[in-house]
Q: 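The structure under discussion is supplied below as structure tokens; questions concerning it will follow.
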Amino acid sequence: MRAGAAGVASALTAAGWSRVYGANEKLRLASVGVAGKGWSDLNGVAASPHVAVVALCDIDEGAEHLGRAAEKFPGAARLTGWRRLLDRAGEFDALTVSTPDHMHPAVGLAAVQLGKHVFCQKPLTHTTFEARQMRRVAEKYRVVAQVGKQIRSHEAYRTAVKLVRDGAVGKVKEVHSWQAGKMRWMLVDGRPEGADLAPIPLNST
Ligand SMILES: NC(=O)c1ccc[n+]([C@@H]2O[C@H](COP(=O)([O-])OP(=O)(O)OC[C@H]3O[C@@H](n4cnc5c(N)ncnc54)[C@H](O)[C@@H]3O)[C@@H](O)[C@H]2O)c1
């Protein structure tokens with residue numbers, strides 16, 4: 001999870017499109033929906049030394065939701081309504097949106113229209129039209145709107161992409177995809193029949 005979190009942080013901070021942040025400036029982060037995935041999104045982005053958590057928003061003020069986040073980030077404003085948060089748009093630069101699915105396009109699109117960078121959990125939108133609107137508006141306001149999927153941001157996937165792009169594994173002719181390790185919904189392990197060993201150990205120096 002830490003690795004994925006690192007991916008999230010770099011995604012939001014690397015591409016400072018609309019303005020260039022000074023060396024001593026921090027990206028001011030607001031988080032909407034701070035329970036399950038929201039908790040890891042919030043902590044992942046907050047792990048960057050370039051980020052300051054300034055606002056937390058969740059409809060549930062309980063100990064597993066807003067309460068826990070507020071305890072960890074006592075200096076951040078606490079809100080229970082995302083519209084109230086957007087009323088204070090001048091106080092933050094970016095936000096994570098990790099509410100249940102149905103709220104993603106409402107919160108995400110409104111935030112992008114205010115010129116905020118958004119890291120929004122999947123699904124980013126409900127319809128292709130909304131997704132296209134998101135891209136159009138993000139381009140217009142020159143902000144980053146990224147969908148929260150490990151496959152887009154996790155260190156393991158980004159490393160694999162880099163190895164392929166850098167030519168480290170040569171020309172890829174065939175790809176085997178499988179689940180290694182035991183997950184609760186899938187109890188398989190080991191490599192596919194006939195698979196070669198990885199040419200470069202990922203942890204080699
Ligand atoms: N990328 C992934 O691998 C992954 C994994 C799990 C979940 N998700 C996505 O993350 C999202 C959240 O899932 P979860 O499992 O963390 O759910 P969750 O129920 O644990 O957390 C959702 C949080 O949002 C809050 N919330 C609900 N409506 C809100 C609103 N209108 N404004 C502010 N806060 C609101 C809830 O109180 C809760 O704290 C879902 O869209 C899900 O698809 C992604």
Side-chain angles (χ1 to χ4, degrees), residues 1-12 28-48 53-74 76-89 91-114 116-131 133-134 138 144-161 177-186:
M1 192 47 73
R2 276 170 61 90
V8 170
S10 62
L12 274 178
R28 299 169 303 167
L29 178 77
S31 282
V32 186
V34 291
K37 201 72 191 73
W39 180 242
S40 59
D41 288 343
L42 167 61
N43 284 294
V45 182
S48 167
V53 178
V54 297
L56 304 163
C57 173
D58 199 300
I59 51 169
D60 190 329
E61 296 181 87
E64 296 293 311
H65 303 257
L66 193 55
R68 177 175 58 171
E71 200 177 312
K72 179 155 185 187
F73 301 100
R78 301 176 205 183
L79 299 102
T80 52
W82 62 272
R83 290 182 184 82
R84 291 270 179 264
L85 173 69
L86 296 191
D87 283 345
R88 298 168 62 163
E91 297 174 30
F92 61 93
D93 308 302
L95 79 166
T96 54
V97 181
S98 314
T99 61
D101 301 3
H102 64 285
M103 293 308 299
H104 293 179
V107 183
L109 201 47
V112 167
Q113 281 172 324
L114 289 168
K116 305 301 166 189
H117 303 290
V118 171
F119 181 87
C120 180
Q121 268 309 321
K122 55 88 184 161
L124 183 66
T125 61
H126 298 297
T127 65
T128 308
F129 174 77
E130 287 170 342
Q133 288 299 103
M134 183 76 90
V144 176
Q146 183 178 344
V147 61
K149 269 181 79 98
Q150 281 92 331
I151 216 151
R152 295 275 171 161
S153 18
H154 194 285
E155 189 181 22
Y157 292 103
R158 302 316 306 165
T159 302
V161 169
S177 179
W178 75 99
Q179 173 71 53
K182 292 183 171 53
M183 310 294 264
R184 67 181 186 282
W185 63 89
M186 194 182 271

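Counting starts at 1 for both ligands and their atoms, in listed order.
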Q: Considering residues at least two apart in sequence or located in another chain, which fulfil the side-chain contact (heavy atoms from CB on, under 4.5 Å) criterion with Ser98?
A: Asp41, Thr96, Gln121
Q: CD/Glu61 to CG/Leu79 distance, rounded to the nearest 0.5 angstrom?
A: 10.0 Å
Q: Would you compute the distance between atom NZ of Lys72 and atom CG of Leu42 and round it to the nearest 0.5 angstrom?
A: 7.5 Å
Q: Just by distance, do the side chain of Lys116 and the backbone of Leu95 share a donor-acceptor pair under 3.5 Å?
A: no
Q: Name the residues in contact with ligand 1, where contact means a heavy atom under 4.0 Å away: which are they?
A: Val32, Gly33, Ala35, Gly36, Lys37, Asp58, Ile59, Asp60, His65, Ser98, Thr99, Pro100, Asp101, Met103, His104, Gln121, Lys122, Gly148, Gln150
Q: Which atoms form the tightest heavy-atom contact between Ala76 and Val53, and what is the distance?
A: CB-O, 3.7 Å
Q: Are more than 12 heavy atoms from other residues, nucleotides or ligands located less than 6.0 Å from atom CZ of Arg78?
A: no
